[in-house]
Amino acid sequence: MEAVNRRNRAKKYGMVIDLDKCTGCGSCTVACMAENNIPFRKDESDKLLSIAWLHVYKLTNGKPFPHTDVCYLPRPCMHCEGHHGHSPCVSVCPATATDYDEETGIVSQIYTRCFGCRYCMAACPYHVRLFNWWDPVWPDGMEKMLNPDVSVRMRGVVEKCSFCYHRHQRAMEKAYLEGRRELEEHEYQTACTQACPAGAITFGDLNNPKHAVYRLKKSPRAFRLLERLGTRPKVYYLSSREWVRQAGDNHLQQEKQKI
Amino acid sequence: MSTADEKSRKAAAQPSGSIPTAEEGPAPADTAGGKVMAFFFIGLAASLFVGWIVFPKLLYSQKKQPIDFNHAMHVQEVDNGCESCHFFRPDGTFTGIPKLDKCLECHEEVQGDSAEESRFVNQYAQKGKEVPWLVYAKQPACVFFSHVAHVRMGKMDCAACHGNIGESQHTRVYEQNRISGYSRDIWGRNISGFKRHTWDSMKMADCAACHKRAGVHQTSVQTGKGACFVCHK
């Protein structure tokens, strides 16, 4: 076979989430659970043990009535670029179970390679990584409803949001059938993006000027979580509320006054 | 000077066929050494026999396909070659093994006098029951494979990965690894892992070697080779 380099134009898939639009309804989490075969238990009240790739956090400005304000913050994996793909989790994994793809900018997790040391969970500043304490138990008949494009995890491994990478795989198959190597923006969208009734989530290639995320990430309302750690996350948030933008990072008291 | 300790060490060393030292004298060591060597080679031959021939036999269980399907004959009968039964859907996914409704186009009733055909028609076609085919190439659940990428973009032949199944007259025995549950076609016939044909085995290393040669998405930060999410899901 001829030695050609078959890699497509480098992309940086990312997300922009408008927190002013998010109502905290949780549709994104539900869509994500169903799409990615995420296990659940009878009693989900202990959130340290339960698994959700996309968690919706509730923030408040801490002020008494009538100045109280609430903001809901959906948090998928940030797919940190770090320095040349050395995101916090990828740098510490001793098993090469998690990896950064320079072509898509997606941080992969291979469950069969993971042996559950959980260094990555300790390294991740965003708590996006979750541990399977048990083998999944599906209610009767639900095995038949599982998504065949996503492999089911087993006890003792770490899992996290993949930006629905299997949808990229499927979209590429259609493109290949049609003789294309590049995807249209709408062909690869995550389940949470499509499920959000408020249209708060936008997904696409942050490098591509034709994609909506390219413009949105440059908005003056945009910020990222814990930006000063240098993780270079690929999930941007939008908010016109000053206190929400400040909540995105750990600011010292005197810094807060400056902003 | 030799201590009791050393003597016992010499004695212990002999059965494993160590070189006799000058002190022991040549004559007795030769016969003893010869016996030891003979036992050594018998043992070696026996363990090689067990390791290369008996173990692989024990490791794999053998299963027959539910129906003996004749590819060579059917390819003549259909209009469109392989693509009559194995084709791409408009969304790019591969149909794989055809479902019963494809067979029913011709097998609503028994048409010839082949015993296998009437068994197929009576047990499956007329009952509307899908044939539970065993897939020789089946990969574990964590693997993503794309036919369209290889067949359309890579312009590869079915035989490059599957061998001559398309021209076969009988289905061959399906061998399943008793430990992993995987088909033998993944690891391959040859337990040493040497390949004579491209289709002899299809382990991760086989996929990755070709991908490296062809330069397919060698974009992993950790390994500098194929990114994991190319072939995994």
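Each chain gets a letter, A, B and so on, in the order the sequences are listed, and its residues count up from 1.
Within the 3.5 Å criterion, the main-chain N or O of A:Pro148 finds a donor-acceptor partner in the side chain of B:Lys233. Listed for the A:Gln169 side chain is no donor-acceptor partner under 3.5 Å among the backbone atoms of B:Phe144. A donor-acceptor contact shorter than 3.5 Å is absent between the side chain of A:Asp101 and the backbone of B:Ser220.
Put simply, the residue from A:Tyr165, A:Tyr13, A:Tyr100 that forms a ring pair (Phe, Tyr, Trp, His ring centres under 6.0 Å) with B:Phe229 is A:Tyr165.
In this structure, A:Glu102 CD and B:Thr219 OG1 are separated by 6.5 Å, a value rounded to the nearest 0.5 Å. Distance check, rounded to the nearest 0.5 Å: CD of A:Gln109 to NE2 of B:His232 gives 12.0 Å. Between atom CE of residue B:Met153 and atom OH of residue A:Tyr176 there is a gap of 6.0 Å, rounded to the nearest 0.5 Å.
Heavy atoms closer than 4.5 Å to chain A are found nowhere in B:His211, neither backbone nor side chain. Residue contact with chain A, scored on non-hydrogen atoms closer than 4.5 Å, involves the backbone of B:Pro90 exclusively.
A:Glu173 and B:Ser146 are linked by a side-chain donor-acceptor pair at a separation below 3.5 angstrom, with hydrogens and angles left out of the test.
Taking each heavy atom of B:Ala227 and A:Asp99 in turn, the nearest pair found is CA-OD2, 4.4 Å. Residues B:Arg89 and A:Leu177 come closest through the heavy atom pair O-CD2, 3.3 Å.
The candidate with the highest count of non-hydrogen atom pairs below 4.5 Å against chain B, out of A:Gly179, A:Ser108, A:Ser162, is A:Ser108.
Proximity to chain B among residues 79-91 of chain A is limited to A:His84, A:Gly85, A:His86, A:Val90, judged by heavy-atom separations below 4.5 angstrom.
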